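This report refers to the structure that appears directly beneath it.
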Amino acid sequence: MERYPATKGGGRGATATAPGRARPAPQEAESAADLPPLLLLHRPRALRRARSMALPRLLRAAAPRLYSTVPAPAPAPAPAGNRPRADDDKLLTEPLSHPDFFSVKELFTLKDLFDARVHLGHKKGCRHRFMEPYIFGCRLDQDIIDLDQTMQHLQLALNFTAHVAYRGGIILFVSRRRQFCHLVESTARACGEYAHTRYWQGGLLTNAHIQFGPGVRLPDLLIFLNTLNNVFEPHVAIRDAAKMNIPTVGVVDTNCNPCLITYPIPGNDDSPAAVELYCKLFRMTIIRAKDKRRQSEAVEELQRKAQGK
Amino acid sequence: ELTVRLICTTTAVQKRNVGASGPEKYTEAFIKKQIEEFNLGKRHLANMMGEDPETFTQEDIDRAIAYLFPSGLFDKRARPLMKHPTEVFPEQRKIQWGEDGRPFHFLFYTGKQSYYSLMHVSMLFVINNVSSQRKKGKNLAGSRWLTKIELEEMLLEKVSDNDYSRFIQLLQKLATLPCADIEEKYIQKFSKEVPAQLQKVVIEPLQHDERGVAFSTGEGKRKTARATAVVYDNGTGRITVNGIDILHYFPVLQDREQLLFPFQFLGRIGKHDMVCTVSGGGRSAQAGAIRLASAKALRSFVTEKEVEFMRQAGLLTVDPRVKERKKPGQEGPRRKFTWKKR
């Protein structure tokens, strides 16, 4: 069984959707959820779409993102212990039928966010225009972020991360803050995922096949603990991930641009307490999702063995 | 009707720039095959030389190859060699990800995983260290950090100058903090011992001949001339060269001045006798060679401070100037042929 998420219909998985090419035939787009992530930006109240959005994007990410010069590799040979397709689908579709399969809501409360100073934004002069919907108010020139909205966004983001981790996706933590570089790398290591808190080389995502070698697999999710780089400009990885159709989760502060981020989390990204809280939450979700996957697989194995006998 | 136009391209255009793809990549299968061939060839060679294949060492191989393929090439590296493939082919990075495509190293997507993981581990030591108070930091005297090239060899990937300097700064910071054993061992991996005193020149003590007179010898060279001088104490200032007195051997005043310079510098003109032998070179070169030899011999008679003065005066330095070779297309080493406008 290939480790990539299952394809919807056999032939479609082989052809990757490169950004330059025309979109697939219109009749195949079943719902608004099939639209590319670029068009789904900045929907703070799009809570209902969360569930259906997760499904098609991951299904489309079955084959690695390739360009015309490199031929698509043949599907990976199935390792020993081939599982039948029916079980595979059930394992993957079952979590999507629950609104909060991984019970992500119980990981944090509003009080936790408040104690970790997540609601504190920058001064009024630093405010970004697109962050205005997320700001609760301004006190003594300092912006205060609306924690109710943050709760909802955080829940969506954690849920999405959990689903990606459940399906064995590659998660890349990105942050360009030197203070938290070590913390973020340790978090990534603890989860078994990947981190990039160093200088971003230009073609890491867009030129990956030349930089890393042919056949490399790109990350399936990018998590930004800090959206800005050291020069207070939007991190290049946001734009690159949007170019490569990679969903992003990002903590956006009042001076950041939330536009290209798929799941923005309005909140403070400067205080150590806040960043530690985010790291803790992401770590717990990912570990929880992976444990659940292992449990489900074990249960499936037992059931199949029982049926086989 | 569509006409098909035949587009002919030369092979030169079709072949891409091979050099631009980077250094040659050797697959594991290729290296394995090379190792098998090497082992087989080693046994054949042992049989050819009439020796036991089981106990045929690398030195035996080198001797055998030098015997079977004598080469007059100047550069030793250009001569035929037969070594184990791991020494011949540079070490390469293997594929960094598993079957499912997930990379093995958690910093794979940075591009420089070994370097950044090194920084991560060093930073871990620094952070853990800041809180605790232990014995004084490691003594850095007599050791140097790894050079950039050595670090590149260790990490098997390119390291830029900035990265290297950052890494050394981090190590220095770690070294200044109070360290425990683990950290000392970690730092030792990246530091190398420097020999404390490179070739300290040993001044030989005075020797005494049958009459009880103290003497000392010295050797000197200049251009192609080689000289040895024996300086005796309690003398009257008589100097003999190749059995001939200096007035007869060196008619020119300048050469005699050169001989006397070390004695004049130390203020011991009438106090020493000297017997020298010299060969090669010309008049001036021989004089310079004897001067150096006598200065070296005089070191034994004199205090360390005066030796340092002599060194600073240039009496103890070998003059490195030799005749420059003539180049083709020129009349001499520097002189070009006469330029004619037409």
Side-chain angles (χ1 to χ4, degrees), chain A residues 1-5 61-65 69 73 75-80 167-174 178-179 181-205 207-208 210-220 222 237 240 246, chain B residues 14 16-17 19-28 92-131 155-167 169-170 173-174:
Chain A
M1 197 258 325
E2 14 174 357
R3 283 320 212 146
Y4 303 140
R65 291 161 194 85
T69 46
R167 286 152 176 269
I170 295 179
I171 300 178
L172 187 64
F173 286 85
V174 179
R178 264 196 79 179
Q179 283 171 284
C181 144
H182 189 82
L183 172 67
V184 172
E185 286 184 344
S186 322
T187 319
R189 204 181 206 176
C191 304
E193 298 295 342
Y194 307 86
H196 185 107
T197 56
R198 310 286 177 168
Y199 177 75
W200 182 273
Q201 284 174 330
L204 276 188
L205 292 181
N207 204 21
I210 297 174
Q211 293 212 342
F212 293 118
V216 70
R217 187 176 151 190
L218 287 178
D220 299 305
L222 250 58
D240 282 354
I246 303 173
Chain B
Q14 282 163 3
R16 294 287 166 82
N17 188 3
S21 58
E24 262 184 76
K25 303 219 163 72
Y26 306 109
T27 51
E28 276 204 53
Q92 302 235 311
R93 304 280 289 285
K94 297 151 206 152
I95 287 286
Q96 306 286 334
W97 53 85
E99 251 183 25
D100 56 355
R102 289 186 77 105
F104 298 128
H105 200 277
F106 77 109
L107 290 174
F108 169 76
Y109 288 106
T110 54
K112 308 180 206 172
Q113 63 179 50
S114 335
Y115 170 73
Y116 284 132
S117 79
L118 202 69
M119 293 292 278
H120 178 78
V121 172
S122 312
M123 187 57 92
L124 189 71
F125 277 120
V126 171
I127 290 172
N128 290 346
N129 221 330
V130 169
S131 45
L155 299 178
L156 289 177
E157 62 185 22
K158 286 252 181 283
V159 176
S160 80
D161 293 328
N162 278 340
D163 291 342
Y164 173 71
S165 53
R166 287 264 180 190
F167 176 61
Q169 279 168 15
L170 194 60
K173 185 171 176 185
L174 184 59

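Everything numeric here is computed off the predicted structure, so don't read it as measured data. All heavy atoms count here, side chains included; hydrogens, waters and symmetry mates do not. Chain naming here is simple, since letters A, B, ... match the order of the sequence lines and numbering starts at 1 in each.
Other residues, nucleotides and ligands contribute more than 12 heavy atoms inside 6.0 Å of the CZ atom of B:Phe104.
Taking each heavy atom of B:Thr110 and A:His196 in turn, the nearest pair found is CA-ND1, 3.1 Å. For the residue pair B:Tyr109 and A:Leu204, the shortest heavy atom distance occurs at O-CD1, 3.2 Å.
Side chains of B:Met123 and A:Glu185 form no contact here, defined as non-hydrogen atoms less than 4.5 Å apart. The shortest side-chain heavy-atom distance between B:Arg102 and A:Glu193 falls under the 4.5 Å cut-off. Side-chain contact between B:Pro103 and A:Ile170 is present, with heavy atoms from C-beta onward closer than 4.5 Å. Taking 4.5 Å as the limit, every side-chain heavy atom of B:Lys112 sits out of range of all side-chain heavy atoms of A:Arg198. Looking at heavy atoms from C-beta onward, A:Ser186 lies in side-chain contact with B:His120 at the 4.5 angstrom threshold.
Only the side chain of A:Leu172 comes within less than 4.5 Å of a heavy atom of chain B; its backbone N, CA, C and O stay farther away.
With A:Arg189 contributing its side chain and B:Phe106 its backbone, the two residues share no donor-acceptor pair below 3.5 Å.
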